[in-house]
Amino acid sequence: MMLDRLLPLACIGVALATVPNVQWRWVIPLVLAGVALGYFLPLDIPQGLFLAAGFIAMGGVLICSNIWLERFIAPAALLFGVLAGHALNSLANEPRFSVLQAALPALPVIIAVLGRAFYRGWFGIARRIAGSWLLAAGVMMLALFFKPPDAAQTAAHDPASAMHDSSRPHIHEPDGSITYLPTGRADQPVTIPGKPDFIERKFGTGNEP
Amino acid sequence: MHAYRLRKVLQFGLAFLGAASFSVAAAQAHAIGANAGGFFSGLEHPVFGIDHLLAMFAVGLWGAQIGGRSLWELPVAFPLIMSLGGALGIAGVPLPHVEILIALSMLVLGLAVAVAWRPAPWLSIAVVGAFALFHGHAHGVELPSSANPLAYAAGFVVATGLIHIAGIGFGLIIGKAWNGKASRAAGAAIGLAGVYFLMA
């Protein structure tokens, strides 16, 4: 369930609930146009970058003042629409689609509407604090996305290395590959591919006493 | 008087709920899972790290004590600058004496609350931001080794914000008692804890 991709919808809902003079006639069509664009355009965005960009955009919108929010609400609406459309496209192919989980992003929107209706001044504080969290998490995610993968972690997640059976006698080749030594009966010839005289050099050719 | 205080609590509760609901959505968004190094690991890291916990609590408490725009400016500035420090930690950029400066942050912020220091807004943000950089760096260095770094990052940022909100709540609801002496006493206790961490 890629619920994270529906978070932009929650954010645009909160932003819309917060802007004092929302230009509904402009914003709603822009959101819908963005959803259509995001749904039908073949966007190939890596998950990490999608999350980071979404969190930074959401945090940015929530943290800015009402004056700036009124200016940015139109392009933000289009951007969030695209993100939400992309999310809906992904969800359409999701085998286990849960309506309950998909409805969860509506929770912040409902609270935003209630907060604005009853405690407008205080809601502005909560909005900015939540925005700073999202922005900070987005910056960290962006840093993680651009960090080169750790060599040790890459090796640990490598399927080839996961299949390595260390209980069997083996040698590590200089190129990183692993060669397993034969473990058959004693009368079988013990040779290592590419190193036919390895055992002889190691243990000599003499028989046991 | 009781009705006024009840109204304050209700207002704060709703503001808290608004912010916390985002954390719930974000938590669900990250396929929380019970894996170590996931969202909940990030969430509990600042809570169980007493040095982080007290410093962040002091930020919220100080914001509530100064009042006005500082009430939200300090808790907003802290995670933002903390994330920059975290990015430095993730990128492997070293910062000097991180642990000492984290302990020093408890001492300085605790003392600021204890003496009820009310500096210019830019100065309070600068003080909080300078320490936030080191708190973030400490988190960032630990991030890449966690099982799910994205969820971990979201978790500890949310925890940081919740601790700030707890500090603000304490400052507004309880801290005003006895002419603000409750806040100042809490600040002095945090400062003493900072001294302990510096000497440890």
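Within every chain, numbering begins at 1; the chains are lettered A, B, ... in the order of the sequence lines, protein sequences first and strands thereafter.
In terms of heavy-atom proximity, L142(A) sits nearest to A52(A) at N-CB, 3.7 Å. Here the shortest heavy-atom pairing between F170(B) and A182(B) reads CE2-O, 4.3 Å. Taking each heavy atom of M140(A) and G86(B) in turn, the nearest pair found is SD-CA, 3.6 Å. Closest of all the heavy-atom pairs between W133(A) and P79(B) is CD1-CG, 4.3 Å. Nearest heavy atoms, L62(A) versus G131(A): CB-CA, 3.7 Å. A pairwise comparison of heavy atoms in L30(A) and L78(A) identifies O-CD1, 3.6 Å as the closest pair.
Listed by sequence position, L71(B), W72(B) are the residues of residues 54-74 of chain B in contact with chain A, using a 4.5 angstrom heavy-atom cutoff. Residues of residues 112-124 of chain B lying under 4.5 angstrom from chain A, judged on non-hydrogen atoms, do not exist.
Distance alone, capped at 3.5 Å, places no donor-acceptor pair between the S183(B) side chain and the G180(B) backbone. Of the possible polar contacts, none joining the H52(B) side chain to the T160(B) backbone as a donor-acceptor pair under 3.5 Å is found. Side-chain atoms of K147(A) do not come within 3.5 Å of backbone N or O of A91(B) as any donor-acceptor pair.
Contact check for I190(B) versus L109(B): no side-chain heavy atoms found under the 4.5 Å cut-off.
For chain A, the nearby parts of A87(B) are the backbone and the side chain; heavy atoms of each come within less than 4.5 Å.
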